[in-house]
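Shown next, in C-alpha coordinates, is the structure this report addresses.
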Number of protein chains: 2
Amino acid sequence: MVNKEIQEERMRSYFIDSAKEILKGEGLKNISVRNIAERAGYSYATLYNYFKDVKDLIFECVKDFQDECTTLVQKDSKKAEQGFQKIKVITQSYMKYFVQYPGIFELFYIEKTNEIAGKKQPTVEMIYSFLDRLCEEEWNYLTENNLITIDEKELMSSSLRYTVLGILILYLTRKHPANYKEFLKISEIQINNILKIK
Amino acid sequence: MVNKEIQEERMRSYFIDSAKEILKGEGLKNISVRNIAERAGYSYATLYNYFKDVKDLIFECVKDFQDECTTLVQKDSKKAEQGFQKIKVITQSYMKYFVQYPGIFELFYIEKTNEIAGKKQPTVEMIYSFLDRLCEEEWNYLTENNLITIDEKELMSSSLRYTVLGILILYLTRKHPANYKEFLKISEIQINNILKIK
DNA sequence: TAATATAATTAACACTGTTAATATTTCCAA
DNA sequence: TTGGAAATATTAACAGTGTTAATTATATTA
(Lines give C-alpha, C1' and ligand atoms only; values in the text may rest on other atoms or scores of the structure.)
Protein backbone atom coordinates (compact mmCIF):
# COMPACT_ATOMS: atom_id res chain seq x y z
CA MET A 1 0.00 0.00 0.00
CA VAL A 2 2.68 2.48 1.04
CA ASN A 3 4.88 1.21 -1.77
CA LYS A 4 2.31 2.46 -4.24
CA GLU A 5 2.63 5.94 -2.86
CA ILE A 6 6.41 5.90 -2.91
CA GLN A 7 6.43 4.70 -6.50
CA GLU A 8 3.82 7.20 -7.55
CA GLU A 9 5.72 10.05 -5.93
CA ARG A 10 8.88 8.87 -7.65
CA MET A 11 7.13 8.86 -11.01
CA ARG A 12 5.87 12.39 -10.38
CA SER A 13 9.37 13.54 -9.53
CA TYR A 14 10.70 12.21 -12.84
CA PHE A 15 8.32 14.47 -14.72
CA ILE A 16 8.79 17.40 -12.36
CA ASP A 17 12.58 17.24 -12.57
CA SER A 18 12.33 17.04 -16.33
CA ALA A 19 10.04 20.06 -16.46
CA LYS A 20 12.34 22.00 -14.14
CA GLU A 21 15.32 21.35 -16.39
CA ILE A 22 13.45 22.65 -19.41
CA LEU A 23 12.13 25.70 -17.57
CA LYS A 24 15.64 26.58 -16.42
CA GLY A 25 17.08 26.05 -19.85
CA GLU A 26 14.66 27.05 -22.55
CA GLY A 27 11.86 28.61 -20.50
CA LEU A 28 8.08 28.40 -20.67
CA LYS A 29 7.90 28.99 -24.41
CA ASN A 30 9.74 25.81 -25.30
CA ILE A 31 8.13 23.48 -22.82
CA SER A 32 5.66 20.87 -24.01
CA VAL A 33 4.08 17.69 -22.74
CA ARG A 34 5.91 15.57 -25.30
CA ASN A 35 9.10 17.44 -24.46
CA ILE A 36 8.84 16.79 -20.74
CA ALA A 37 7.84 13.15 -21.14
CA GLU A 38 10.64 12.37 -23.57
CA ARG A 39 13.23 13.78 -21.20
CA ALA A 40 11.69 11.76 -18.37
CA GLY A 41 11.87 8.62 -20.51
CA TYR A 42 8.14 8.03 -20.86
CA SER A 43 5.39 8.51 -23.38
CA TYR A 44 3.52 11.81 -23.29
CA ALA A 45 0.26 10.14 -22.26
CA THR A 46 1.88 8.55 -19.23
CA LEU A 47 2.21 12.00 -17.74
CA TYR A 48 -1.55 12.20 -17.45
CA ASN A 49 -1.59 9.24 -15.10
CA TYR A 50 0.26 11.38 -12.56
CA PHE A 51 -0.90 14.93 -13.27
CA LYS A 52 -4.30 16.39 -14.00
CA ASP A 53 -2.83 18.48 -16.79
CA VAL A 54 0.39 20.22 -17.74
CA LYS A 55 -0.46 23.29 -15.62
CA ASP A 56 -0.69 21.07 -12.60
CA LEU A 57 2.77 19.71 -13.35
CA ILE A 58 4.39 23.06 -14.04
CA PHE A 59 2.91 24.51 -10.91
CA GLU A 60 4.64 21.85 -8.85
CA CYS A 61 7.91 23.41 -9.96
CA VAL A 62 7.13 26.77 -8.36
CA LYS A 63 7.68 25.57 -4.81
CA ASP A 64 10.95 23.87 -5.72
CA PHE A 65 12.25 27.00 -7.40
CA GLN A 66 11.25 29.15 -4.45
CA ASP A 67 13.19 26.86 -2.16
CA GLU A 68 16.21 27.01 -4.44
CA CYS A 69 16.03 30.79 -4.66
CA THR A 70 15.63 31.08 -0.89
CA THR A 71 18.75 29.01 -0.34
CA LEU A 72 20.74 31.18 -2.74
CA VAL A 73 19.49 34.38 -1.13
CA GLN A 74 20.33 33.17 2.37
CA LYS A 75 23.81 32.21 1.26
CA ASP A 76 24.38 35.58 -0.44
CA SER A 77 23.08 37.64 2.47
CA LYS A 78 24.52 35.69 5.36
CA LYS A 79 27.29 38.13 6.13
CA ALA A 80 25.37 41.31 5.41
CA GLU A 81 24.80 43.87 8.12
CA GLN A 82 21.39 43.53 9.76
CA GLY A 83 18.65 45.93 8.68
CA PHE A 84 18.52 47.97 5.49
CA GLN A 85 21.85 46.65 4.21
CA LYS A 86 20.68 43.08 4.48
CA ILE A 87 17.38 43.87 2.78
CA LYS A 88 19.37 45.41 -0.04
CA VAL A 89 21.58 42.35 -0.44
CA ILE A 90 18.59 40.01 -0.28
CA THR A 91 16.80 41.99 -2.98
CA GLN A 92 19.84 42.03 -5.23
CA SER A 93 20.34 38.31 -4.79
CA TYR A 94 16.65 37.71 -5.53
CA MET A 95 16.94 39.71 -8.75
CA LYS A 96 20.12 37.90 -9.73
CA TYR A 97 18.31 34.57 -9.48
CA PHE A 98 15.63 35.60 -11.95
CA VAL A 99 18.12 37.10 -14.36
CA GLN A 100 19.93 33.78 -14.33
CA TYR A 101 16.69 31.89 -14.95
CA PRO A 102 14.33 34.06 -16.98
CA GLY A 103 12.07 31.07 -17.52
CA ILE A 104 11.43 30.91 -13.78
CA PHE A 105 10.61 34.60 -13.72
CA GLU A 106 8.04 34.03 -16.48
CA LEU A 107 6.53 31.22 -14.49
CA PHE A 108 6.37 33.27 -11.29
CA TYR A 109 5.18 36.64 -12.52
CA ILE A 110 4.16 36.59 -16.15
CA GLU A 111 2.15 33.50 -16.90
CA LYS A 112 -1.48 34.11 -16.08
CA THR A 113 -2.52 32.75 -12.70
CA ASN A 114 -5.40 30.60 -13.80
CA GLU A 115 -3.22 29.05 -16.45
CA ILE A 116 -0.73 27.63 -14.03
CA ALA A 117 -2.67 27.09 -10.84
CA GLY A 118 -6.24 26.00 -11.38
CA LYS A 119 -7.97 26.67 -8.09
CA LYS A 120 -4.92 26.78 -5.83
CA GLN A 121 -5.29 30.41 -4.76
CA PRO A 122 -2.88 30.07 -1.80
CA THR A 123 0.00 29.51 -4.19
CA VAL A 124 -0.73 32.79 -5.93
CA GLU A 125 -0.36 34.48 -2.57
CA MET A 126 2.84 32.49 -2.13
CA ILE A 127 4.29 34.01 -5.29
CA TYR A 128 3.04 37.51 -4.56
CA SER A 129 4.62 37.69 -1.13
CA PHE A 130 7.85 35.91 -1.99
CA LEU A 131 10.22 38.88 -1.68
CA ASP A 132 8.43 40.05 1.45
CA ARG A 133 8.96 36.70 3.08
CA LEU A 134 12.64 36.72 2.20
CA CYS A 135 13.02 40.08 3.94
CA GLU A 136 10.54 39.46 6.74
CA GLU A 137 13.09 38.96 9.49
CA GLU A 138 14.86 42.19 8.61
CA TRP A 139 11.68 44.23 8.45
CA ASN A 140 10.76 42.92 11.87
CA TYR A 141 14.18 43.85 13.21
CA LEU A 142 13.74 47.39 11.95
CA THR A 143 10.30 47.89 13.46
CA GLU A 144 11.00 46.13 16.73
CA ASN A 145 14.00 48.36 17.31
CA ASN A 146 11.97 51.44 16.37
CA LEU A 147 14.26 52.23 13.44
CA ILE A 148 11.14 52.61 11.28
CA THR A 149 7.41 52.66 11.97
CA ILE A 150 4.97 50.00 10.84
CA ASP A 151 3.63 52.41 8.23
CA GLU A 152 7.10 53.12 6.90
CA LYS A 153 7.81 49.41 6.72
CA GLU A 154 4.59 48.88 4.81
CA LEU A 155 5.38 51.61 2.30
CA MET A 156 9.00 50.58 1.84
CA SER A 157 8.34 46.89 1.39
CA SER A 158 5.57 47.46 -1.12
CA SER A 159 7.63 50.03 -3.04
CA LEU A 160 10.45 47.53 -3.17
CA ARG A 161 8.15 44.77 -4.36
CA TYR A 162 6.70 46.80 -7.23
CA THR A 163 9.93 48.46 -8.30
CA VAL A 164 11.92 45.23 -8.39
CA LEU A 165 9.22 43.61 -10.48
CA GLY A 166 9.11 46.54 -12.89
CA ILE A 167 12.88 46.55 -13.38
CA LEU A 168 12.93 42.80 -13.98
CA ILE A 169 10.08 42.96 -16.47
CA LEU A 170 11.71 45.63 -18.57
CA TYR A 171 15.10 43.98 -18.46
CA LEU A 172 13.93 40.45 -19.19
CA THR A 173 11.18 41.11 -21.72
CA ARG A 174 12.18 44.47 -23.21
CA LYS A 175 15.96 44.29 -22.90
CA HIS A 176 16.06 47.58 -21.06
CA PRO A 177 18.64 48.48 -20.02
CA ALA A 178 20.67 46.83 -22.75
CA ASN A 179 23.31 45.17 -20.57
CA TYR A 180 23.65 43.50 -17.20
CA LYS A 181 26.06 46.08 -15.79
CA GLU A 182 23.58 48.87 -16.40
CA PHE A 183 20.82 46.71 -14.95
CA LEU A 184 22.79 46.28 -11.72
CA LYS A 185 23.40 50.01 -11.58
CA ILE A 186 19.79 51.11 -11.92
CA SER A 187 18.71 48.36 -9.54
CA GLU A 188 21.03 49.67 -6.85
CA ILE A 189 19.93 53.26 -7.38
CA GLN A 190 16.28 52.29 -7.00
CA ILE A 191 16.87 50.09 -3.97
CA ASN A 192 18.95 52.77 -2.25
CA ASN A 193 16.27 55.34 -2.94
CA ILE A 194 13.49 53.23 -1.51
CA LEU A 195 15.44 52.17 1.57
CA LYS A 196 16.89 55.67 1.97
CA ILE A 197 20.43 54.27 1.96
CA LYS A 198 23.37 56.66 1.58
CA MET B 1 -0.53 52.18 -59.57
CA VAL B 2 -1.50 54.23 -56.56
CA ASN B 3 -4.81 52.35 -56.42
CA LYS B 4 -2.84 49.20 -55.68
CA GLU B 5 -1.37 50.79 -52.63
CA ILE B 6 -4.69 52.10 -51.38
CA GLN B 7 -6.30 48.70 -51.83
CA GLU B 8 -3.40 46.93 -50.19
CA GLU B 9 -3.47 49.29 -47.23
CA ARG B 10 -7.20 48.74 -46.93
CA MET B 11 -6.73 44.98 -46.89
CA ARG B 12 -4.11 45.33 -44.18
CA SER B 13 -6.46 47.45 -42.12
CA TYR B 14 -9.14 44.76 -42.28
CA PHE B 15 -6.80 42.29 -40.63
CA ILE B 16 -5.37 44.85 -38.23
CA ASP B 17 -8.79 45.99 -37.06
CA SER B 18 -9.83 42.40 -36.63
CA ALA B 19 -6.73 41.64 -34.57
CA LYS B 20 -7.27 44.74 -32.46
CA GLU B 21 -10.81 43.69 -31.64
CA ILE B 22 -9.63 40.28 -30.49
CA LEU B 23 -6.76 41.72 -28.44
CA LYS B 24 -9.13 44.10 -26.71
CA GLY B 25 -11.67 41.40 -26.06
CA GLU B 26 -10.02 38.08 -25.44
CA GLY B 27 -6.35 39.08 -25.30
CA LEU B 28 -3.20 37.55 -26.72
CA LYS B 29 -3.97 34.05 -25.51
CA ASN B 30 -7.05 33.68 -27.67
CA ILE B 31 -5.75 35.26 -30.83
CA SER B 32 -4.95 33.10 -33.85
CA VAL B 33 -4.38 33.51 -37.55
CA ARG B 34 -7.57 31.68 -38.43
CA ASN B 35 -9.38 33.68 -35.80
CA ILE B 36 -8.25 37.02 -37.19
CA ALA B 37 -8.88 36.06 -40.80
CA GLU B 38 -12.36 34.74 -40.15
CA ARG B 39 -13.36 37.97 -38.43
CA ALA B 40 -11.91 39.93 -41.35
CA GLY B 41 -13.91 37.81 -43.77
CA TYR B 42 -10.97 36.11 -45.50
CA SER B 43 -9.18 32.81 -45.50
CA TYR B 44 -6.29 32.42 -43.07
CA ALA B 45 -3.75 32.11 -45.87
CA THR B 46 -4.80 35.42 -47.39
CA LEU B 47 -3.35 37.13 -44.36
CA TYR B 48 0.11 36.07 -45.48
CA ASN B 49 -0.25 38.08 -48.68
CA TYR B 50 -0.27 41.24 -46.56
CA PHE B 51 1.85 40.36 -43.54
CA LYS B 52 5.14 38.54 -43.20
CA ASP B 53 3.79 36.61 -40.24
CA VAL B 54 1.35 37.00 -37.36
CA LYS B 55 3.91 38.86 -35.22
CA ASP B 56 4.22 41.44 -37.94
CA LEU B 57 0.45 41.92 -37.88
CA ILE B 58 0.11 42.07 -34.13
CA PHE B 59 2.93 44.52 -33.88
CA GLU B 60 1.05 46.90 -36.15
CA CYS B 61 -1.56 47.10 -33.41
CA VAL B 62 0.89 48.49 -30.87
CA LYS B 63 1.12 51.90 -32.51
CA ASP B 64 -2.66 52.16 -32.83
CA PHE B 65 -3.16 51.28 -29.19
CA GLN B 66 -0.53 53.78 -28.08
CA ASP B 67 -2.35 56.47 -30.02
CA GLU B 68 -5.65 55.48 -28.46
CA CYS B 69 -4.15 55.46 -24.97
CA THR B 70 -2.49 58.82 -25.57
CA THR B 71 -5.81 60.34 -26.58
CA LEU B 72 -7.51 59.00 -23.46
CA VAL B 73 -4.72 60.24 -21.21
CA GLN B 74 -4.79 63.70 -22.75
CA LYS B 75 -8.51 63.90 -22.29
CA ASP B 76 -8.33 62.76 -18.67
CA SER B 77 -5.48 65.11 -17.74
CA LYS B 78 -6.55 68.19 -19.64
CA LYS B 79 -7.82 70.08 -16.63
CA ALA B 80 -5.19 68.91 -14.15
CA GLU B 81 -2.88 71.40 -12.51
CA GLN B 82 0.48 71.63 -14.24
CA GLY B 83 3.41 69.76 -12.71
CA PHE B 84 3.25 66.91 -10.21
CA GLN B 85 -0.55 66.86 -10.12
CA LYS B 86 -0.74 66.44 -13.88
CA ILE B 87 1.89 63.69 -13.86
CA LYS B 88 -0.19 61.92 -11.25
CA VAL B 89 -3.38 62.18 -13.30
CA ILE B 90 -1.58 61.06 -16.47
CA THR B 91 -0.15 58.04 -14.68
CA GLN B 92 -3.50 57.06 -13.22
CA SER B 93 -5.17 57.40 -16.61
CA TYR B 94 -2.42 55.32 -18.19
CA MET B 95 -2.95 52.58 -15.63
CA LYS B 96 -6.71 52.72 -16.10
CA TYR B 97 -6.29 52.07 -19.82
CA PHE B 98 -4.36 48.86 -19.24
CA VAL B 99 -6.74 47.64 -16.58
CA GLN B 100 -9.55 48.12 -19.08
CA TYR B 101 -7.62 46.23 -21.77
CA PRO B 102 -5.40 43.61 -20.11
CA GLY B 103 -4.70 42.09 -23.53
CA ILE B 104 -3.01 45.32 -24.60
CA PHE B 105 -0.92 45.30 -21.45
CA GLU B 106 0.22 41.78 -22.27
CA LEU B 107 1.14 42.90 -25.76
CA PHE B 108 3.07 45.91 -24.52
CA TYR B 109 4.97 44.55 -21.56
CA ILE B 110 4.67 40.82 -21.22
CA GLU B 111 5.02 39.18 -24.60
CA LYS B 112 8.69 38.69 -25.37
CA THR B 113 10.16 41.36 -27.59
CA ASN B 114 11.50 39.16 -30.34
CA GLU B 115 8.18 37.43 -30.58
CA ILE B 116 6.25 40.49 -31.51
CA ALA B 117 8.73 42.70 -33.30
CA GLY B 118 11.27 40.81 -35.37
CA LYS B 119 14.09 43.26 -35.93
CA LYS B 120 12.23 46.50 -35.24
CA GLN B 121 14.25 47.52 -32.18
CA PRO B 122 13.00 51.14 -32.28
CA THR B 123 9.52 49.96 -31.43
CA VAL B 124 10.80 48.26 -28.29
CA GLU B 125 12.18 51.62 -27.23
CA MET B 126 8.78 53.08 -28.14
CA ILE B 127 7.06 50.78 -25.65
CA TYR B 128 9.67 51.20 -22.94
CA SER B 129 9.47 54.99 -22.94
CA PHE B 130 5.73 55.26 -23.38
CA LEU B 131 4.85 56.61 -19.93
CA ASP B 132 7.86 58.92 -20.01
CA ARG B 133 6.68 60.41 -23.29
CA LEU B 134 3.20 60.95 -21.91
CA CYS B 135 4.66 62.93 -19.00
CA GLU B 136 7.50 64.56 -20.92
CA GLU B 137 5.96 68.01 -21.09
CA GLU B 138 5.32 68.08 -17.36
CA TRP B 139 8.81 66.89 -16.44
CA ASN B 140 10.23 69.63 -18.62
CA TYR B 141 8.00 72.18 -16.94
CA LEU B 142 9.28 71.09 -13.54
CA THR B 143 12.96 71.24 -14.48
CA GLU B 144 12.73 74.43 -16.51
CA ASN B 145 11.13 76.23 -13.59
CA ASN B 146 13.74 74.81 -11.21
CA LEU B 147 11.10 72.99 -9.18
CA ILE B 148 13.27 69.86 -9.40
CA THR B 149 16.76 69.12 -10.68
CA ILE B 150 17.55 67.02 -13.72
CA ASP B 151 18.77 64.26 -11.40
CA GLU B 152 15.57 64.35 -9.37
CA LYS B 153 13.54 64.21 -12.55
CA GLU B 154 15.53 61.19 -13.72
CA LEU B 155 15.05 59.34 -10.43
CA MET B 156 11.37 60.19 -10.14
CA SER B 157 10.44 59.28 -13.70
CA SER B 158 12.27 55.97 -13.57
CA SER B 159 10.80 55.11 -10.15
CA LEU B 160 7.37 55.88 -11.53
CA ARG B 161 8.00 53.75 -14.61
CA TYR B 162 9.08 50.68 -12.64
CA THR B 163 6.52 50.98 -9.86
CA VAL B 164 3.58 51.43 -12.20
CA LEU B 165 4.66 48.38 -14.17
CA GLY B 166 5.06 46.31 -11.02
CA ILE B 167 1.63 47.24 -9.71
CA LEU B 168 0.00 46.47 -13.05
CA ILE B 169 1.75 43.11 -13.34
CA LEU B 170 0.64 41.95 -9.91
CA TYR B 171 -2.90 43.19 -10.39
CA LEU B 172 -3.41 41.85 -13.90
CA THR B 173 -1.58 38.54 -13.67
CA ARG B 174 -1.69 37.75 -9.97
CA LYS B 175 -4.96 39.41 -8.96
CA HIS B 176 -3.25 41.37 -6.24
CA PRO B 177 -4.82 43.35 -4.77
CA ALA B 178 -8.08 41.46 -5.12
CA ASN B 179 -10.30 44.33 -6.21
CA TYR B 180 -10.13 47.47 -8.33
CA LYS B 181 -10.81 49.84 -5.45
CA GLU B 182 -7.82 48.54 -3.53
CA PHE B 183 -5.75 48.72 -6.69
CA LEU B 184 -6.59 52.41 -7.08
CA LYS B 185 -5.70 53.02 -3.45
CA ILE B 186 -2.25 51.44 -3.53
CA SER B 187 -1.56 53.08 -6.88
CA GLU B 188 -2.24 56.50 -5.45
CA ILE B 189 -0.12 55.84 -2.38
CA GLN B 190 2.83 54.78 -4.53
CA ILE B 191 2.47 57.67 -6.96
CA ASN B 192 2.19 60.21 -4.12
CA ASN B 193 5.24 58.74 -2.47
CA ILE B 194 7.38 58.91 -5.61
CA LEU B 195 6.26 62.42 -6.56
CA LYS B 196 6.41 63.55 -2.92
CA ILE B 197 2.81 64.73 -3.07
CA LYS B 198 0.99 65.65 0.18
C1' DT C 1 -0.18 -20.77 -14.29
C1' DA C 2 -4.54 -18.06 -15.29
C1' DA C 3 -7.25 -14.22 -14.40
C1' DT C 4 -7.35 -9.69 -13.04
C1' DA C 5 -5.87 -5.15 -12.02
C1' DT C 6 -2.57 -1.58 -13.12
C1' DA C 7 0.25 1.11 -15.90
C1' DA C 8 2.21 2.63 -20.44
C1' DT C 9 1.55 3.25 -25.19
C1' DT C 10 -0.37 4.40 -29.69
C1' DA C 11 -4.06 6.60 -32.28
C1' DA C 12 -6.90 10.19 -32.71
C1' DC C 13 -9.01 14.91 -32.18
C1' DA C 14 -9.04 19.75 -32.25
C1' DC C 15 -6.22 23.24 -32.10
C1' DT C 16 -1.81 26.35 -33.51
C1' DG C 17 1.39 28.98 -37.48
C1' DT C 18 3.06 28.57 -41.94
C1' DT C 19 3.88 27.20 -46.86
C1' DA C 20 2.93 25.12 -51.52
C1' DA C 21 -0.18 24.04 -54.81
C1' DT C 22 -4.46 25.06 -56.71
C1' DA C 23 -8.52 27.84 -57.87
C1' DT C 24 -10.47 32.19 -58.71
C1' DT C 25 -10.69 36.84 -59.94
C1' DT C 26 -8.90 40.99 -62.11
C1' DC C 27 -6.89 43.41 -65.77
C1' DC C 28 -5.44 44.73 -70.23
C1' DA C 29 -4.24 44.11 -75.09
C1' DA C 30 -5.90 42.15 -79.41
C1' DT D 1 -15.85 41.26 -76.31
C1' DT D 2 -12.70 37.77 -75.74
C1' DG D 3 -8.11 35.42 -74.50
C1' DG D 4 -4.37 35.16 -71.88
C1' DA D 5 -1.43 36.82 -68.29
C1' DA D 6 -0.95 38.61 -63.78
C1' DA D 7 -2.66 39.14 -59.25
C1' DT D 8 -5.13 37.47 -55.51
C1' DA D 9 -7.70 34.08 -52.64
C1' DT D 10 -8.43 29.42 -51.22
C1' DT D 11 -7.70 24.65 -49.99
C1' DA D 12 -4.49 21.00 -48.66
C1' DA D 13 -0.80 19.80 -46.15
C1' DC D 14 2.97 19.78 -42.55
C1' DA D 15 4.80 20.01 -38.08
C1' DG D 16 3.73 21.53 -33.93
C1' DT D 17 0.54 21.95 -29.39
C1' DG D 18 -2.59 19.66 -25.18
C1' DT D 19 -5.66 16.11 -24.19
C1' DT D 20 -8.52 11.78 -24.26
C1' DA D 21 -9.96 6.98 -25.63
C1' DA D 22 -8.71 2.66 -27.00
C1' DT D 23 -5.24 -0.66 -26.95
C1' DT D 24 -1.20 -3.08 -25.50
C1' DA D 25 2.07 -4.49 -22.03
C1' DT D 26 3.24 -5.33 -17.31
C1' DA D 27 2.53 -6.54 -12.56
C1' DT D 28 -0.30 -8.63 -8.96
C1' DT D 29 -2.94 -11.99 -6.96
C1' DA D 30 -5.80 -16.25 -6.63
Side-chain angles (χ1 to χ4, degrees), chain A residues 1-19 22-23 25-61 103 106-107 111-119, chain B residues 1-19 22-23 25-61 103 106-107 111-119:
Chain A
M1 286 301 146
V2 81
N3 277 351
K4 272 283 142 53
E5 286 170 37
I6 290 170
Q7 286 163 22
E8 192 167 322
E9 202 46 52
R10 184 145 44 208
M11 283 296 290
R12 284 174 65 89
S13 79
Y14 294 154
F15 290 108
I16 292 170
D17 290 347
S18 172
I22 296 168
L23 284 170
E26 291 101 301
L28 263 177
K29 295 289 176 294
N30 287 70
I31 210 166
S32 77
V33 174
R34 285 165 175 82
N35 207 354
I36 297 165
E38 188 191 27
R39 198 181 277 246
Y42 287 92
S43 166
Y44 49 88
T46 307
L47 190 148
Y48 288 90
N49 290 332
Y50 300 94
F51 299 91
K52 192 182 129 283
D53 52 37
V54 72
K55 294 164 200 167
D56 186 29
L57 195 177
I58 287 175
F59 193 77
E60 290 282 313
C61 304
E106 283 179 65
L107 178 60
E111 194 63 9
K112 279 274 177 63
T113 302
N114 50 350
E115 296 180 30
I116 62 168
K119 55 214 158 75
Chain B
M1 285 303 146
V2 81
N3 276 353
K4 274 281 142 56
E5 286 169 35
I6 291 170
Q7 286 164 21
E8 193 167 321
E9 202 45 53
R10 184 145 45 208
M11 283 295 291
R12 285 174 65 89
S13 79
Y14 293 153
F15 290 107
I16 292 169
D17 290 348
S18 172
I22 296 168
L23 285 170
E26 290 100 300
L28 263 177
K29 295 290 176 295
N30 288 69
I31 209 165
S32 77
V33 173
R34 285 165 175 82
N35 208 352
I36 297 165
E38 187 190 28
R39 197 181 279 247
Y42 287 92
S43 166
Y44 49 87
T46 307
L47 190 149
Y48 289 90
N49 291 330
Y50 300 94
F51 299 91
K52 192 180 130 287
D53 52 37
V54 72
K55 295 165 200 166
D56 186 28
L57 194 177
I58 287 174
F59 193 76
E60 290 283 312
C61 303
E106 283 179 64
L107 179 60
E111 194 63 8
K112 281 273 177 62
T113 301
N114 50 349
E115 297 181 28
I116 62 168
K119 54 210 157 82

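Side chains are part of it too, since the values below use all heavy atoms of this structure and drop only hydrogens, waters and symmetry mates. Proteins come first, then strands; the chains are lettered A, B, ... in the order of their sequence lines, and each starts at number 1.
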Once each nucleotide of nucleotides 6-21 of chain D is scored for protein heavy atoms under 4.0 Å, what B/S/- sequence comes out, 5' to 3'?
-> --SBBBBB---SBBB-
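Taking CZ of B:R34 as the start and CG of B:L47 as the end, the distance is 11.0 Å to the nearest 0.5 Å.
Residues B:A40 and B:F15 share a closest heavy-atom pair of CB-CD2, 3.9 Å. Across all non-hydrogen atoms, the minimal contact from A:S18 to A:R39 is OG-CB, 3.1 Å.
Note: CD (A:E38) to C1' (C:dA8) measures 16 Å, nearest angstrom.
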Does the side-chain contact (heavy atoms from CB on, under 4.5 Å) test come out yes or no for A:V33 and A:L57, once each step is laid out?
-> CA-CA 10 Å; A:V33 174; A:L57 195 177; over 6 Å; no
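For the pair A:I31/A:V54, no side-chain contact is recorded, criterion being any heavy-atom separation below 4.5 Å from C-beta on.
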